[in-house]
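For the single chain, residues carry numbers from 1 onward in sequence order. For clarity, every value in this text was computed on a predicted model and none was experimentally measured.
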Amino acid sequence: MIYPEPIDHFDRLPDSILLFIFNKIGDVKALGRCSVVSRRFNSLVPEVDNVLVRVDCVISDDESSSPSSSSGYSSDKSRHPISSLFRLVFSGLLKPFQSITQFISISPRRVASSSAAVVDGDDFEKNSVTHHSPTQVLKNFNEIKLLRIELPSGELGIDEGVLLKWRADFGSTLDNCIILGASSVIQPVTSASGCSLPNIDGNGENDNGSIPDSFYTNGGLKLRVVWTISSLIAASARHYLLQPIIAEHKTLDSLVLTDADGQGVLCMNKEQLEELRVKPLSASSASKRTLVPALNMRLWYAAHLELPDGTVLKGATLVAIRPSEMPKKEVVGGDGNWVAAAFKEPYGTAARMLVKRRTYCLEMNSF
């Protein structure tokens, strides 16, 4: 008996449908696995225009060059790119998928700390893990328009319970930065019936939007200055590291560099990406970050800020930052919506509430 040859239904799908599916997948590891399914998939994956790169670990130059360093996330230094240049490392393509690395990078580079990429205690051979920088990973993608890179954690080491979030937009240098912080966050209390109860603290006195004198004497102002400078340094370090990717991928319309903790987000739109390509970058080669221009800042503070959902922010602080060359009236804008849009809820609401309070003006020199 002669059996008919089996039909591969994927062969019946046009390339446009397959590319639509691949763009929905997005994740570069999954796309790498797709690329080894068939020659057709291998030829289509480089044409994907919506790509997500999740960075598994971040290794400093000092750590990667030291044979005594056996773990990419075993020390605080490897998690804080403020102190030195951090090389983004993409790992996790293990021995069963070694053929994928031929698609992702023709000449993969191994680093000394190979055990850093072993995930969740799986017992793989140490030499079975190859580390790749995002630049290497993206080398064979030709049509990227939307690119999102996610770091394994935020750079800023903060105490447990402290809230610190920032968003920065860059062209060839900083366009704007929004920072939201709080010394502590009190979640709403839920009753047995499932209803949220108001937080009763006793320290929620009405301050009419003014900053109390104690803010200047108990270290509150100093702490906010540290938050602001640290966030700006983290953002400028991320921007510096993106240069090779931006230079190589001329088709980019949007680039977002975030982290799994949701601490910071760096964004660049099409116009900002083009500006970086044509305008020389002002960078510090010693600190490996983009130089920040002189800045105008607006600060809002509330000792006790209760949100509509019952969440309470203690010592809530919002800082809006733009270059000094921009007219002062445009630092926030008429309605402050761009400030609130920087954060997901409920923190967008917190930003809108803070903007309505008394505004304090600050200036900072370039650094």
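Tracing side-chain contacts under 4.5 Å through hydrophobic residues (I, L, V, M, F, W, Y), one never reaches L156 starting from V226; they form parts of separate clusters. Hydrophobic clustering, with ILVMFWY side chains joined whenever heavy atoms are under 4.5 angstrom apart, keeps L291 apart from L276. Side-chain heavy atoms closer than 4.5 Å link hydrophobic residues (I, L, V, M, F, W, Y) into clusters, and following such links, possibly through other members, connects V319 to I158. The cluster map of Ile, Leu, Val, Met, Phe, Trp and Tyr, joined by side-chain heavy atoms under 4.5 Å apart, puts L146 and V137 in different clusters. Taking hydrophobic clusters as Ile, Leu, Val, Met, Phe, Trp and Tyr residues chained together by side-chain heavy-atom distances below 4.5 Å, I229 shares a cluster with L266.
The closest side-chain heavy-atom distance from D259 to E150 is not below 4.5 Å. Using a 4.5 Å cut-off on side-chain heavy atoms (C-beta onward), M364 and V292 make no contact. Contact of the R322 side chain with the N296 side chain is not registered, since no non-hydrogen atoms from C-beta on lie closer than 4.5 Å. You'll find the side chain of F22 reaches within 4.5 Å of the side chain of F41, heavy atoms only. Two residues are said to be in side-chain contact when any heavy atoms from C-beta on lie closer than 4.5 Å; T349 and D309 fail this criterion. Looking only at side-chain heavy atoms (C-beta outward), L180 and L354 come within less than 4.5 Å of each other.
Considering V48, D49, L255, L138 as possible partners of I144, the one that fulfils the side-chain contact (heavy atoms from CB on, under 4.5 Å) test is L138.
A30 and I25 get closest at one heavy-atom pair: CB-CG2, 3.6 Å. The minimum heavy-atom distance between F343 and A351, with the atom names listed, is CD1-CB, 4.3 Å. Of all heavy-atom pairs between P134 and I245, the closest is CB-CD1, 4.0 Å. For the residue pair I179 and C177, the shortest heavy atom distance occurs at CG1-SG, 4.0 Å. The minimum heavy-atom distance linking L295 with P293 is given by the pair CG-O, 3.1 Å. Between L13 and L18, the closest heavy-atom pair is CD1-CD2, 4.0 Å.
Considering CD of E363 and CE of M297, their distance stands at 8.5 Å, rounded to 0.5 Å. Atom NZ of K270 is separated from atom OG of S254 by 11.5 Å, given to the nearest 0.5 angstrom. Between the CD1 atom in I321 and the OG1 atom in T228 there is a gap of 5.5 Å [rounded to 0.5 Å]. The OG atom of S16 sits 10.0 Å away from the CD1 atom of I21 when rounded to the nearest 0.5 Å. Interatomic distance, L252 CG to L147 CG, rounded to the nearest 0.5 Å: 5.5 Å. Note that NE2 of H249 is 10.0 Å distant from NZ of K139, once rounded to the nearest 0.5 Å.
Side-chain atoms of S236 come within 3.5 Å of backbone N or O of I233 as a donor-acceptor pair. One N or O on the side chain of K165 and one on the backbone of G262 form a donor-acceptor pair closer than 3.5 Å. Checking side-chain atoms of N140 against main-chain N and O of P46 turns up no donor-acceptor pair under 3.5 Å. Looking only at distances, no side-chain donor or acceptor of E274 sits under 3.5 Å from a matching main-chain atom of E271. Remark: side-chain polar atoms of E47 are not paired, donor with acceptor, to backbone N or O of L44 under 3.5 angstrom. Of the possible polar contacts, one joining the R277 side chain to the I246 backbone as a donor-acceptor pair under 3.5 Å is found.
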*After noting the C-alpha distance and the side-chain angles of L31 and F141, does the key distance pass the side-chain contact (heavy atoms from CB on, under 4.5 Å) rule?*
CA-CA 11 Å; L31 291 173; F141 287 90; 4.0 Å; yes

_Does Y216 form a side-chain contact (heavy atoms from CB on, under 4.5 Å) with I211? I'd like the steps, not just the answer._
CA-CA 9 Å; Y216 302 99; I211 294 180; 3.9 Å; yes

*Do L174 and T290 pass the side-chain contact (heavy atoms from CB on, under 4.5 Å) test, and can you show the C-alpha distance, the side-chain angles, and the key distance before you say yes or no?*
CA-CA 8 Å; L174 180 71; T290 302; over 6 Å; no

*Evaluate the criterion ring pair (Phe, Tyr, Trp, His ring centres under 6.0 Å) for residue pair Y301 and Y360; output intermediate values, then yes/no.*
CA-CA 9 Å; Y301 174 83; Y360 294 81; 8.8 Å; no

*asked:* Checking L299 against T317 for the side-chain contact (heavy atoms from CB on, under 4.5 Å) test, could you report, in this order, the C-alpha distance in whole Å, the side-chain angles of both residues, the deciding distance, and whether it holds?
replied: CA-CA 7 Å; L299 182 146; T317 307; 4.1 Å; yes

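Partners of Q263 according to the side chain to side chain donor-acceptor pair (under 3.5 Å) rule, which considers only residues two or more places apart in sequence or in another chain, do not exist here.
Ionic pairing of D169 and R167 is present here: one or more N-O contacts between side-chain nitrogen and carboxylate oxygen are shorter than 4.0 angstrom.
Heavy atoms of other residues, nucleotides or ligands lying less than 6.0 angstrom from CZ of F20 number 12 at most. Counting non-hydrogen atoms of other residues, nucleotides and ligands closer than 6.0 Å to NZ of K344 gives a total of 12 or fewer. For CG of N365, the number of neighbouring non-hydrogen atoms (other residues, nucleotides, ligands) closer than 6.0 Å is 12 at most.
Side-chain atoms of T251 and E143 include no donor-acceptor pair closer than 3.5 Å.
Think of V265 as one node in a network of Ile, Leu, Val, Met, Phe, Trp and Tyr side chains linked at under 4.5 Å; its network also takes in V256.
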